[in-house]
Protein chains: 2
Amino acid sequence: MTVSKTASAAAAKPSRAVRKEPAEGSVDDAALQLGELSELLGYSLKRAQLRVFEDFLRCVAPLQLTPAQFSVLLLLDRNPGRNQTEIASTLGILRPNFVAMLDGLESRDLCTRIRSTNDRRSHILMLTDKGRAVLARAKKLVATKHEARLNELLGPANRAALLDMLATIAREF
Amino acid sequence: MTVSKTASAAAAKPSRAVRKEPAEGSVDDAALQLGELSELLGYSLKRAQLRVFEDFLRCVAPLQLTPAQFSVLLLLDRNPGRNQTEIASTLGILRPNFVAMLDGLESRDLCTRIRSTNDRRSHILMLTDKGRAVLARAKKLVATKHEARLNELLGPANRAALLDMLATIAREF
DNA sequence: TGATAATTGTTATGCACTATACCGAATATC
DNA sequence: GATATTCGGTATAGTGCATAACAATTATCA
């Protein structure tokens, strides 16, 4: 597997006078130096994540879905017959916080809570027809606008490598 | 540049019956299917970011520094003589929110606000001696415990490639 | 069986982070 | 010199995230 360089390979050289040569008159208004910050994985990780979420919101704006809501719809589609605790926990959402989230989706008629007959404590979650339709449209927007842009920026091979490493971190770190 | 596989390369095969073969007695308690979620870059991005921040906090716990506070100290060290607006904006922090953050650091005697003589509106930010000492210890902890673990998990080459791609996204996406 | 423990969805609540509007003081602009 | 802009700061609201507690229901087990 090969990764083509997406940009200049890290720091090219130590390089003395990094400060942009002062434009006449300006005493000291060069760009700040990130220093070790650019080597901090967590820093780049967070900034990249914010950008990606921001773009996701833009791309799927016509459907008014947040990344979290989209992930819930995806999970409900792939895993019918599950209850709130199961869906919430696999997404890393705490049950108390999942209630309001489901209220929102249910009030928009995207999914339904159904009291289970086996265990009358739990609510089985199901996508409505509208929920399936919205999910389908969302998937298309995400694939053709959002992920396509990332593919264009990184290249398919790099994107796959990136995804693999992120999954590794999320799983084993 | 080469990326060695950190884990099984994405989805090996479509594979029919994905559901774990039901253990006797259990009706339906297999692990949920993530489905397209595992192909969503934003999803893995956020989960990885949460893990990395979590580990950062653990590693630097003896110094009681959050990732954001650490990034501020780093920036102050590399860019002496800057004011609050400059430091905050390069970190993506809004000025109003930066006030309380600086209050915290200043009350712990890690940095100081100094009224500028050139422009008496602005506060020049400086690390105190204690701030420099804490930063030095934090850097050591981050390098030897936090980043070292990531290096071990991914390998130096992969880690560099990951960092490069994240920086590319943060810069050009 | 019946008493006790555990689970499910839910409410209430608090903390951290983020975002906007606004203010007085100081400076810049023209 | 009048107006606009910038700086640090306050107030405030929204959101994400975490914990405790509760009623209803189910599981456990003496």
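It should be emphasised that the depicted structure is a prediction, and the values quoted were computed from it without experimental measurement. Lettering of chains follows the sequences in order, A, B, ..., and the numbering in each one begins at 1.
Toward the 5′ end of DNA chain C lies the nearest nucleotide of B/Pro96, the other residue of the pair B/Pro96 and B/Asn118 mapping further downstream. Residue-to-nucleotide proximity on DNA chain C shows that, of A/Leu50 and A/Leu102, the 5′-proximal contact is made by A/Leu102. When the nearest nucleotides of DNA chain D are assigned to A/Thr66 and A/Thr117 by heavy-atom distance, the more 5′-ward of the two goes with A/Thr66.
As a whole-Å value, the separation of B/Phe53 CZ from D/dG16 C1' is 15 Å. Atom C1' of nucleotide D/dT10 and atom CG of B/Leu94 are separated by 15 Å, given to the nearest angstrom. In this structure, the CZ atom of A/Arg121 is 6 Å from the P atom of D/dA27, given to the nearest Å. To the nearest angstrom, C1' of D/dC7 lies 15 Å from CD1 of B/Ile87. Between the P atom of D/dG8 and the CD1 atom of B/Ile93 lies a distance of 13 Å, rounded to the nearest Å. Rounded to whole angstrom, the span from the CG atom of B/Asn97 across to the C1' atom of D/dT10 amounts to 12 Å. Per the geometry, CZ belonging to B/Arg95 stands 9 Å off C1' belonging to D/dT6, to the nearest Å. The interatomic distance linking A/Met101 (CE) with D/dT15 (P) rounds to 13 Å, in whole Å.
One finds no salt bridge joining B/Glu172 and A/Arg51 here, because no Lys/Arg side-chain nitrogen approaches an Asp/Glu carboxylate oxygen to under 4.0 Å. In summary, A/Arg149 and A/Asp55 engage in a salt bridge, as defined by a charged side-chain N under 4.0 Å from a carboxylate O. Between A/Glu39 and B/Arg159, at least one side-chain nitrogen of the basic residue sits less than 4.0 Å from a carboxylate oxygen of the acidic one, meeting the salt-bridge criterion.
Bracketed by its first and final contacts, the part of DNA chain C lying under 4.0 Å from non-hydrogen atoms of chain B reaches from C/dT18 to C/dT27 in 5' to 3' order.
Contact between the side-chain N/O atoms of A/Arg120 and the OP1/OP2 oxygens of D/dT25 is found at a separation under 4.0 Å.
Other residues, nucleotides and ligands contribute more than 12 heavy atoms inside 6.0 Å of the CZ atom of B/Arg58.
In this structure, a donor-acceptor pair under 3.5 Å is present between the side chains of A/Gln84 and A/Arg113.
Picking from D/dC7, D/dT19, D/dG9 the nucleotide with the shortest atom distance to the side chain of B/Asn83 gives D/dC7.
Using a 4.5 Å heavy-atom threshold, the side chains of A/Asp103 and A/Phe98 count as separate.
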Let's go through B/Leu75 and B/Leu125 carefully: what are the C-alpha distance in whole Å and the side-chain angles of both, what is the deciding distance for side-chain contact (heavy atoms from CB on, under 4.5 Å) to 0.1 Å, and is it a yes or a no?
CA-CA 10 Å; B/Leu75 221 59; B/Leu125 298 180; over 6 Å; no
